[in-house]
Amino acid sequence: MAMSGGLLRSLLFRPLLQQLWSPAVAVRIVSVPTLCPQTTCFPTACSRYYATKKAKAKAKGQSVKVNINSALVEDIINLDEVKMDMNAVLDALKNDFTRNLSIRTTPGALDHIVVTTQDGKFPLNQLGQISMKSPLLIVVNMSSFPEATAAATRALRESSMNLNPEADGTVIKVPVPKVTREHRENLSKLAKQLGNKAKDSVRRVRTNAVAQVKKAKDAHSEDTIRLVEKQIQQIADNSAVDIDKLLVLKTKELLG
């Protein structure tokens, strides 16, 4: 019996199509009307689905959040304490910004300048009486600890507040510096340095916490250890974000 031309072509070309047809590539078949009901017709076109650049960028920017469950790992490490230690770093940075990075020099801004003496380190307000003599002059009376006058003068000069103190007996005169653009920029640079130091402190807390977790790897599964490490990393990442936000606000305040 003679084969029709359409059926013969179908049988000859089918193996070739099977080689070209790869299951690894998702295709959408475009249906076309069948012109010859008794013969086999193949799709005339196919199209692939590709992720757009926008979709790829969105997926890349999304970070997987780990739900922190301290009860799950309380016998390995106290995650609340880790978070408290990192929050303490942020609080210390806030205090540094308030005490050492003021645009306007006031008596209160000098209170916590650390004075190094033979007996140890002390805040300036514990050694001398600080007062505002005039809008342009702050006076530090060191009569209670006259032996610390030189050390207090040196601490004021070496502070980051652009001060030029002068000792007159047991009285230290501190002219209030003018607020110049250069002074603002210097304070902004110092704020960035303090922010970087705070991030270093957060990293140290994270490293110590991870080291503690690794000590428990013999008593817990590898998946559990990995989960706890991810939780610690998430706390550290959140702390770093808070530090950046604080630095942005302080820089804006300083530069005006």
Side-chain angles (χ1 to χ4, degrees), residues 83-205 239-240 242-256:
K83 190 172 183 178
M84 288 174 59
D85 290 342
M86 293 188 183
N87 286 340
V89 173
L90 185 64
D91 291 339
L93 180 62
K94 291 178 181 178
N95 290 334
D96 281 341
F97 281 177
T98 301
R99 295 174 181 176
N100 302 320
L101 299 180
S102 299
I103 293 295
R104 301 289 179 182
T105 304
T106 62
L110 308 184
D111 286 349
H112 300 284
I113 289 181
V114 178
V115 180
T116 303
T117 68
Q118 294 179 350
D119 298 324
K121 296 182 178 181
F122 303 92
L124 181 60
N125 62 351
Q126 291 185 10
L127 301 176
Q129 183 179 1
I130 307 172
S131 60
M132 200 84 178
K133 189 72 173 179
S134 72
L136 298 178
L137 182 64
I138 298 175
V139 172
V140 184
N141 190 332
M142 298 292 296
S143 57
S144 298
F145 296 92
E147 68 278 7
T149 301
T153 304
R154 182 169 55 254
L156 287 165
R157 183 175 294 111
E158 294 176 355
S159 71
S160 60
M161 301 179 66
N162 193 32
L163 303 177
N164 187 25
E166 295 181 1
D168 184 6
T170 59
V171 175
I172 304 175
K173 299 178 180 179
V174 186
V176 176
K178 295 181 179 180
V179 182
T180 63
R181 186 65 185 179
E182 181 181 5
H183 181 49
R184 288 176 177 270
E185 292 176 353
N186 289 337
L187 291 178
S188 176
K189 292 178 182 178
L190 180 58
K192 186 175 182 179
Q193 293 175 6
L194 293 174
N196 289 336
K197 289 182 179 179
K199 288 184 178 180
D200 290 340
S201 297
V202 167
R203 283 190 285 267
R204 282 193 294 270
V205 174
S239 297
D242 291 338
I243 290 173
D244 286 336
K245 290 180 179 178
L246 188 63
L247 179 59
V248 168
L249 291 176
K250 193 62 181 180
T251 302
K252 185 177 180 180
E253 172 192 331
L254 294 173
L255 296 179

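What you see is a predicted model, and the numbers here were worked out from it, not measured in a lab. Along the sequence shown, residues carry numbers from 1.
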**OP:** Check for a donor-acceptor pair, side chain of Thr98 on one end and backbone N or O of Lys94 on the other, with a separation under 3.5 Å.
**Re:** yes

Subject >> Nearest non-hydrogen partners of Ala198 and Val89, listed with the distance >> reply: O-CG1, 3.3 Å

**OP:** State the CG-CG distance between Asn162 and Leu187, to the nearest 0.5 angstrom.
**Re:** 8.0 Å

Original post:
How long is the gap from CD1 on Ile130 to CE on Met132, to the nearest 0.5 Å?
Top reply: 12.0 Å

**OP:** To the nearest 0.5 Å, tell me how far Leu254 CG sits from Asn186 CG.
**Re:** 11.0 Å

Subject >> Distance, nearest 0.5 Å, that separates CG of Asn125 from CG of Asp111 >> reply: 4.5 Å

**OP:** Could you point out which residue of Arg203, Lys197, Arg204 forms a salt bridge (charged side-chain N to carboxylate O under 4.0 Å, His left out) with Asp200?
**Re:** Arg203

Original post:
Is it true that Glu185 and Arg181 have a side-chain N and a carboxylate O under 4.0 angstrom from each other?
Top reply: yes

**OP:** For Lys199, check side chain to side chain donor-acceptor pair (under 3.5 Å) against everything at least two apart and list the hits.
**Re:** Asp244

Subject >> Arg184 to Glu253 - nearest heavy-atom pair and separation >> reply: NH1-O, 3.9 Å

**OP:** Write down the atom of Val176, the atom of Pro135, and the distance for their closest heavy-atom approach.
**Re:** CG2-O, 3.7 Å

Original post:
Which distance, rounded to the nearest 0.5 Å, do you find between the CG of Leu163 and the CZ of Arg157?
Top reply: 10.0 Å

Subject >> Spacing of CG belonging to Leu110 relative to OG belonging to Ser131, to within rounding of 0.5 Å >> reply: 10.5 Å

**OP:** Decide yes or no for Lys173 and Asp168: does some side-chain heavy atom of the first lie under 4.5 Å from some side-chain heavy atom of the second?
**Re:** yes

Original post:
Would you say Gln129 has more than 12 foreign heavy atoms packed within less than 6.0 Å of its CD?
Top reply: no

For residues 137-147, tabulate all N or O donor-acceptor pairs below 3.5 Å that involve a side-chain atom, not counting sequence neighbours.
residue	atom	partner	partner atom	Å
Asn141	OD1	Ser143	N	3.0
Asn141	OD1	Ser143	OG	3.0

**OP:** Without swapping roles, check the side chain of Arg154 against the backbone of Thr149 for a donor-acceptor pair under 3.5 Å.
**Re:** no

Original post:
Do the side chains of Leu247 and Leu93 get nearer than 4.5 Å, heavy atoms only?
Top reply: no

